[in-house]
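Worksheet: one structure, shown below.
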Amino acid sequence: MINKILIANRGEIAIRVIHSCREMGIKSVAVFSEADRKSKHVRLADEAYFIGPAPSSESYLVIDKIIDVAKKSGADAIHPGYGFLSENAEFSDRCKSEGIVFIGPTSEVISVMGDKISARKKMIAAGVQVVPGTKDNIKNDEEALRIVKEVGLPVMIKASAGGGGKGMRLVKTEEEIIPGVRAAKSEALAGFGDDTVYVEKFVNNPHHIEFQVLGDSHGNVIHLFERECSVQRRHQKVIEETPSPLMTPELRAIMGEQAVMAAKAVNYVGAGTVEFLVDDDLNYYFLEMNTRLQVEHPITEQVTRVDLVRQQIQVAAGMAIEYKQEDLFQQGHSIEARIYAENPCENFMPSPGIVKNILEPLGPGIRHDGYVYSGYEIPIYYDPMISKLIVTGKNRVQAIERMKRALYSYKISGVRTNIRFLNRILESKDFASGNYNTQFIENNIDFLIQKEAYSEDHKELAIAASFIHYLNNNSNGNEENDDKADCNTSEWKSFGKRKGLMRL
Ligand code: MV4
């Protein structure tokens with residue numbers, strides 16, 4: 001039995017876990033760094049413990065501190081969220097040896113999947129289709145030349161200790177092979193302390209499609225369908241949706257089966273994600289497996305109606321998964337947009353600072369997983385993600401309409417955000433048609449950051465913002481920095497100021 005869970009995380013995901021704990025009658029324990037004294041997760045948990053300075057290397061990443069709090073508070077389990085210690089094999093192992101349930105896979109599974117070469121080997125042995133390429137480390141220049149010629153150009157050189165796009169190199173010509181492998185190796189050594197690299201055939205303009213899986217300790221594994229995650233910028237996901245517009249029922253069935261095979265091959269217990277690359281001809285290839293709950297899990301929850309955090313907790317406690325594969329189906333369409341504190345018009349420069357006002361969207365089909373409130377200062381130490389806006393409709397068209405409506409009524413002042421950039425994505429021809437791949441943002445960047453889109457369309461919003469500031473009576477006679485949310489200053493705002501609308 002699990003009666004009390006320590007959440008070794010912060011921000012929106014800590015809150016997400018607290019919600020399921022409360023619904024299940026489980027006590028929650030928060031931890032917080034110096035920078036998070038005023039964070040919402042601290043208030044929402046049943047108990048909260050200080051764990052040190054703002055840098056995560058001195059707080060959220062310190063295993064001893066987390067374990068200490070678990071013991072002090074009498075927590076019988078730890079939920080790691082995503083990031084931080086969520087895919088740390090040593091942490092999973094330490095929990096086990098301390099008699100604390102780690103809500104996630106064993107250290108063995110984390111290690112096998114964390115090492116990309118060993119993951120490839122496991123998957124090949126299990127009959128999962130991986131990207132054509134090598135199984136082993138490339139040791140020297142001669143080997144590099146021989147192997148790359150075997151696989152055939154173009155190829156990707158990847159760090160075995162990498163993942164998520166780190167330590168990756170595209171090699172197109174013979175001349176690039178040796179310098180490419182050498183550069184990949186030194187990058188991998190510098191980044192991960194391990195210069196092991198392997199070679200994969202380059203997949204042109206791929207889709208990034210991932211399958212959610214769940215395993216329990218009774219040998220059951222199910223999948224909860226796919227998420228289309230091709231809208232990315234520098235390997236950062238921006239918008240995710242499910243079902244994938246690319247998917248056919250046949251492909252879904254076979255990729256789902258492959259995802260289940262992948263999880264079964266390692267006796268997976270918990271929630272996991274199997275990532276695939278899919279090309280235009282619908283060839284699919286296993287890429288990597290993430291052994292954690294992912295940021296974009298809510299869209300799966302919306303269309304399957306399964307509470308993934310509840311399932312994680314239940315299977316960690318030794319219970320069977322509540323669902324049989326044949327009971328599951330995707331109902332409707334769900335889209336997640338990640339709201340970041342950044343300025344798309346200034347090369348996406350991070351924009352931390354105090355959130356003056358936040359007006360969150362409400363209404364049919366809206367879910368908003370966030371943690372920021374008016375007056376909150378977004379710390380510079382952590383991820384600049386403010387929240388996740390998740391909308392669900394009966395079909396893709398309705399989901400897109402709702403997302404546009406939700407973005408329109410979502411107002412944050414004090415920090416710059418990517419809200420209008422997100423709206424621009426939804427307005428683009430390629431996104432609207434569902435005909436896009438991982439090159440989408442790069443291919444459409446001029447359209448996406450076009451200046452005019454950042455002012456003229458939003459006059460009404462500017463008026464609303466002025467009105468909210470007036471209602472909140474928080475003006476101090478200085479120029480409102482709210483204008484900075486725009487790339488161009490709205491004429492309506494300057495009108496408002498001239499006429500004194502904001503300073504009545
Ligand atoms: C690839 C690829 C093409 N061919 N591997 C980038 C992140 C990492 N998880 C794997 N990545 C890629 N691996 C082969 N053999 C193209 C990418 C890739 C990509 C993948 C998913 C989402 C966005 C991407 C953007 C650029 C490149």
Side-chain angles (χ1 to χ4, degrees), residues 82-83 87 113-120 123-124 128-136 138 144 147-148 150-173 176-177 180-181 184 187-188 191-192 196-211 226-242 244-247 255 259 262 272-292 294-296 336 338 348 425 430-431 436-445 448:
Y82 52 70
E87 293 179 285
M113 289 304 184
D115 181 279
K116 305 308 164 192
I117 287 182
S118 77
R120 265 172 77 78
M123 293 303 108
I124 292 166
V128 176
Q129 186 165 293
V130 303
V131 188
T134 57
K135 270 195 195 175
D136 292 302
I138 299 196
I147 286 168
V148 172
E150 250 170 58
V151 175
L153 289 167
V155 298
M156 280 288 214
I157 317 284
K158 297 187 177 184
S160 188
K166 280 171 276 176
M168 226 175 52
R169 221 163 190 97
L170 172 59
V171 170
K172 288 184 181 159
T173 65
E176 290 171 347
I177 298 172
V181 169
E187 234 171 73
F192 315 108
T196 310
V197 297
Y198 64 105
V199 171
E200 279 182 5
K201 181 87 188 153
F202 177 66
V203 181
N204 208 25
N205 300 331
H207 282 249
H208 173 135
I209 297 180
E210 58 187 32
F211 273 72
E226 81 280 8
R227 292 185 287 262
E228 169 64 70
C229 302
S230 296
V231 182
Q232 307 198 1
R233 197 189 142 268
R234 298 198 175 162
H235 305 301
Q236 276 260 39
K237 291 169 188 153
V238 179
I239 287 185
E240 306 95 349
E241 63 176 318
T242 186
S244 165
L246 185 74
M247 197 60 68
M255 288 179 71
T273 299
V274 182
E275 286 186 9
F276 295 92
L277 290 182
V278 184
D279 69 17
D280 288 334
D281 300 325
L282 302 188
N283 297 304
Y284 61 86
Y285 307 101
F286 169 89
L287 201 59
E288 42 194 80
M289 182 170 185
N290 301 314
T291 56
R292 60 171 189 275
Q294 289 196 258
V295 175
E296 60 272 25
E336 173 180 280
R338 300 191 188 188
F348 301 89
I425 291 174
D430 289 349
F431 189 86
Y436 66 88
N437 56 42
T438 50
Q439 303 307 299
F440 168 75
I441 288 185
E442 223 177 293
N443 291 346
N444 289 278
I445 193 67
L448 297 177

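Each ligand, and each atom within it, is numbered from 1 in the order the structure gives.
- At a heavy-atom cutoff of 4.0 Å, ligand 1 is contacted by no atom of Asn204, backbone or side chain.
- At the shortest separation from atom 8 (C) of ligand 1 among protein heavy atoms lies Gly165 N, 3.4 Å.
- Checked by atom type and distance alone, the side chain of Glu288 never pairs as donor or acceptor with a backbone atom of Asn290 at under 3.5 Å.
- In this structure, atom 21 (C) of ligand 1 lies nearest to the protein heavy atom His208 ND1, 3.4 Å.
- Against a heavy-atom cut-off of under 4.0 Å, Glu288 is close to the following atoms of ligand 1: 9 (N).
- By the 6.0 Å and 45° rule, Arg120 does not stack over the aromatic ring of Phe286.
- Although no hydrogens or angles enter the test, the distance criterion places no donor-acceptor pair under 3.5 Å between the side chain of Arg227 and the main chain of Thr273.
- Closest to atom 4 (N) of ligand 1 among all protein heavy atoms lies Val203 N, 2.9 Å.
- Within the 3.5 Å criterion, the main-chain N or O of Thr196 finds no donor-acceptor partner in the side chain of Ser160.
- The shortest N or O to N or O distance between Val131 and ligand 1 is not below 3.5 Å.
- Atoms of ligand 1 lying under 4.0 Å from any heavy atom of Met156, numbered from 1 in the order shown and given with element: 1 (C), 2 (C), 3 (C), 4 (N), 5 (N), 14 (C), 15 (N), 16 (C).
- The protein non-hydrogen atom at the shortest distance from atom 20 (C) of ligand 1 is Leu277 CD2, 3.8 Å.
- Taking the six-membered ring where tryptophan is involved, the planes of Phe211 and Phe276 are perpendicular, since the angle between them exceeds 60° and thus also 30°.
- Between Lys237 and Glu210, at least one side-chain nitrogen of the basic residue sits less than 4.0 Å from a carboxylate oxygen of the acidic one, meeting the salt-bridge criterion.
- For Glu200, a nitrogen or oxygen atom sits less than 3.5 Å from a nitrogen or oxygen atom of ligand 1, counting backbone and side chain alike.
- One N or O on the side chain of Asp279 and one on the backbone of Asn283 form a donor-acceptor pair closer than 3.5 Å.
- Protein heavy atom at the shortest distance from atom 12 (C) of ligand 1 is Met168 SD, 3.8 Å.
- Looking at every heavy atom in both residues, Val151 comes nearest to Gly133 through CG2-CA, 3.9 Å.
- In terms of N/O distances under 3.5 Å, ligand 1 is approached by Lys158.
- Between Lys201 and ligand 1, at least one N/O pair is under 3.5 Å apart.
- When each atom of ligand 1 is checked for a heavy atom of Phe202 under 4.0 Å away, the hits are 3 (C), 4 (N).
- Residue, atom and distance of the protein heavy atom nearest to atom 25 (C) of ligand 1 are His235 CE1, 3.7 Å.
- Salt-bridge check for Arg169 with Glu187: passed, with a basic side-chain N closer than 4.0 Å to an acidic carboxylate O.
- A salt bridge between Arg292 and Glu87 is present, with a side-chain N of the basic residue lying under 4.0 Å from a carboxylate O of the acidic one.
- Close contacts of ligand 1 with Gln232, meaning ligand atoms under 4.0 Å from a residue heavy atom, involve 22 (C), 23 (C).
- Residue-level proximity to ligand 1 for Leu287 is carried by the side chain, the only part with a heavy atom below 4.0 angstrom.
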